[in-house]
Student: 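First the structure, then my questions, so here it is.
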Amino acid sequence: MRVCGVEIKSNEAIICLMELDGDLVQIPDCRQTRFQLSKTGDQESMQKLQFALSKLFTDYRVTHVAIKERPQKGKFAGSALGFKIEAALQLIESVQVDIMAGSYQKDVLKRNPIPVDFADTGLKGFQETAFVVAYAFLMGKKYPSVQS
């Protein structure tokens, strides 16, 4: 199973690909780690973003997308453009999309700690949250004792 962990910040989606093969977690190389939606958020830019993400998922054989949940209200609420990005991801037919609550991620990580220091993964620092989301998703599927 290959998953794409996604963190949406402002007007961009930051991604990390991860694969579970038996008990081995692998992080395949990826040609792009950020996808940005222009500030206008018009139909053409939305379609370009969705096409680029869909093409990446097809090229890298991604079957699942896990998005870090963001609050809709309050101090840490997501932006309107961020929710548009989330919708564009959810409408890609070739992948199963799950929104992962922070509490679910914490429960999964408590039972299945990340076995490697993030600095040793070779990923860029801004991908850490997407990495954690992807790992928690895979461990939650492999060991489903924790319910989302």
Student: Between Met100 and Lys68, is a side-chain contact (heavy atoms from CB on, under 4.5 Å) present by the stated rule, with each step listed?
Tutor: CA-CA 5 Å; Met100 293 190 53; Lys68 179 185 177 194; over 6 Å; no

Student: For Phe51, is the CZ atom crowded, meaning more than 12 foreign heavy atoms sit under 6.0 Å from it?
Tutor: no

Student: Between Asn11 (side chain only) and Leu37 (backbone N and O only), is there a donor and an acceptor less than 3.5 Å apart?
Tutor: yes

Student: Decide yes or no on side-chain contact (heavy atoms from CB on, under 4.5 Å) for Gln96 and Val65, but give the supporting numbers first.
Tutor: CA-CA 6 Å; Gln96 168 78 38; Val65 175; over 6 Å; no

Student: Would the distance check show the side chain of Lys142 and the main-chain N or O of Gly22 forming a donor-acceptor pair, the cut-off being under 3.5 Å?
Tutor: yes

Student: Please determine which of Ile8, Val133, Ile99 meets the side chain to side chain contact (heavy atoms under 4.5 Å, CB included) test together with Glu69.
Tutor: Ile99

Student: Kindly compute the distance separating CG (Leu17) from CZ (Arg61), expressed to the nearest 0.5 Å.
Tutor: 10.5 Å

Student: How long is the span from the NE2 atom in His64 to the CE atom in Met18, to the nearest 0.5 Å?
Tutor: 15.0 Å

Student: With rounding to the nearest 0.5 Å, note down the distance linking NZ in Lys48 to CZ in Phe35.
Tutor: 14.5 Å

Student: Drop me the distance from Gln36's CD to Ser10's OG, to the nearest 0.5 angstrom.
Tutor: 8.0 Å

Student: Do Tyr135 and Val3 have side chains that approach each other closer than 4.5 Å (heavy atoms only, starting at C-beta)?
Tutor: no

Student: Starting from Val116, can I reach Leu123 by hopping between I/L/V/M/F/W/Y residues whose side chains sit under 4.5 Å apart?
Tutor: yes

Student: Tell me whether Asp21 contacts the main-chain N or O of Leu24 through its side chain, where contact means a donor paired with an acceptor under 3.5 Å.
Tutor: no

Student: Any heavy-atom pair between the side chains of Gln26 and Leu20 that's under 4.5 Å?
Tutor: no

Student: Search all heavy atoms of Gly140 against all heavy atoms of Tyr104 and return the closest pair with its distance.
Tutor: CA-OH, 3.3 Å

Student: To the nearest 0.5 Å, what is the distance between CG on Leu49 and CD on Glu44?
Tutor: 12.5 Å

Student: Main chain of Arg34, side chain of Gln32: is a donor-acceptor contact present, judged purely on distance under 3.5 Å?
Tutor: yes

Student: Answer whether the closest heavy-atom distance between the side chains of Glu93 and Leu91 falls below 4.5 Å.
Tutor: no

Student: Any heavy-atom pair between the side chains of Val97 and Ile92 that's under 4.5 Å?
Tutor: no

Student: Group every Ile, Leu, Val, Met, Phe, Trp and Tyr by side-chain heavy-atom contacts under 4.5 Å, then state whether Ile14 and Val62 land in the same group.
Tutor: no

Student: Checking Arg2 against Tyr60: charged group under 6.0 Å from the ring centre and within 45 degrees of the axis?
Tutor: no

Student: Inspect the surroundings of CG in Asp117 and state if more than 12 heavy atoms from other residues, nucleotides or ligands are less than 6.0 Å away.
Tutor: yes

Student: Carefully, step by step, assess Val95 and Thr63 under the rule side-chain contact (heavy atoms from CB on, under 4.5 Å).
Tutor: CA-CA 5 Å; Val95 292; Thr63 57; 6.0 Å; no

Student: Measure across Ala13 and Ile85 and return the closest heavy-atom pair with its distance rounded to 0.1 Å.
Tutor: CB-CG2, 3.9 Å

Student: Donor-acceptor pair, Ser54 side chain versus Gln50 backbone, under 3.5 Å?
Tutor: no

Student: Of the non-hydrogen atoms in Met1 and Leu138, which two are nearest, and what is the gap between them?
Tutor: SD-CD2, 3.9 Å

Student: Side-chain heavy atoms under 4.5 angstrom apart, residues restricted to Ile, Leu, Val, Met, Phe, Trp, Tyr: same cluster for Ile114 and Met139?
Tutor: yes

Student: Do the side chains of Arg70 and Glu7 get close enough for a salt bridge, i.e. N-O under 4.0 angstrom?
Tutor: no

Student: Identify the heavy atoms of Phe118 and Gly125 that sit nearest to each other, and give their distance.
Tutor: CE2-CA, 3.9 Å

Student: Testing the basics here: between Leu56 and Cys30, what is the closest heavy-atom pair and its distance to 0.1 Å?
Tutor: CD1-SG, 3.6 Å

Student: Minimum heavy-atom separation for Ile15 and Gln127, please, with both atom names.
Tutor: O-NE2, 2.8 Å

Student: Roughly how far apart are Phe57 CZ and Leu89 CG, rounded to 0.5 Å?
Tutor: 5.5 Å

